[in-house]
Amino acid sequence: QVQLVESGGGLVQAGGSLRLSCAASGRTFSTNARGWFRQAPGKEREFVAAVRWSVGSTYYADSVKGRFTISRDIAKDTVYLQMNSLQPEDTAVYYCAHRYYSGSYSHPNEYSYWGQGTQVTVSS
């Protein structure tokens, strides 16, 4: 079992920044990847970014490239999402996800554990 706890969400004006954190605990050895997904009201959960845990390779959705940065702190077992130039369309609940095995980084079904989510609201 892996427990994931997100923090850092909130309300921000368009053009602003937020930094999300996701702290992991439990059986986190041999982590393959951690990812961030988001879900807006009435929409499906969508991929935002992922990091391959051992080597730090990063992957992004086209909609956030150049604005968001995913990073990890292995010692703290924490993954971060730095979000800059936020826009109203970024408003969603953001979820952290964990998986043990390799696969597609952008498919939610490839991840086994999820956090409870943190709300990000961007006002225009």
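Note that the coordinates shown come from a computational prediction; the quantities given were computed from them, not determined experimentally.
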Validation row: [X], [Y] side chains within 4.5 angstrom (heavy atoms):
X      : Y      : result
Leu4   : Glu6   : no
Arg38  : Leu81  : no
Tyr100 : Trp53  : no
Thr31  : His98  : yes
Glu110 : Phe47  : no
Met83  : Val120 : yes

Out of curiosity, [X] [atom1] to [Y] [atom2], how far, rounded to the nearest 0.5 Å?
X      : Y     : atom1 : atom2 : value
Ser123 : Gln87 : OG    : CD    : 10.5 Å
Ser63  : Phe68 : OG    : CZ    : 7.5 Å
Thr28  : Arg34 : OG1   : CZ    : 6.0 Å
Ser54  : Arg72 : OG    : CZ    : 7.5 Å

*Assess Arg19 against Tyr80: is NZ or CZ under 6.0 Å from the centre of the six-membered ring, and within 45 degrees of the ring's axis?*
yes
_Lys/Arg cation over aromatic Tyr105: Arg99, 6.0 Å, 45° cone_ = yes
How far apart are the closest heavy atoms of [X] and [Y], and which atoms are they?
X      : Y     : answer
Cys96  : Val79 : SG-CG1, 3.8 Å
Gln82  : Ser17 : NE2-CB, 3.9 Å
Ser124 : Ala14 : CA-CB, 4.4 Å
Thr69  : Tyr60 : CA-OH, 3.3 Å
Thr78  : Ser21 : CG2-CB, 4.4 Å
Leu86  : Arg67 : CA-NH1, 3.9 Å

hydrophobic_cluster_shared for [Y] and [X], side chain cutoff 4.5 Å:
X     : Y      : value
Phe29 : Tyr113 : no
Leu18 : Val51  : yes
Val93 : Leu11  : no
Leu20 : Val12  : yes
Tyr59 : Val55  : no

*Non-neighbouring partners of Ser112 that pass side chain to side chain contact (heavy atoms under 4.5 Å, CB included), sequence neighbours left out*: none
*Using the test side chain to side chain contact (heavy atoms under 4.5 Å, CB included), find all partners of Thr91 that sit at least two apart in sequence or belong to another chain.*
Gln119, Thr121, Val122
*For the residue pair Tyr111 and Phe37, does the interplanar ring angle fall in the parallel (under 30°), tilted (30 to 60°) or perpendicular (over 60°) class?*
perpendicular
_Would the distance check show the side chain of Arg52 and the main-chain N or O of Ser57 forming a donor-acceptor pair, the cut-off being under 3.5 Å?_
no
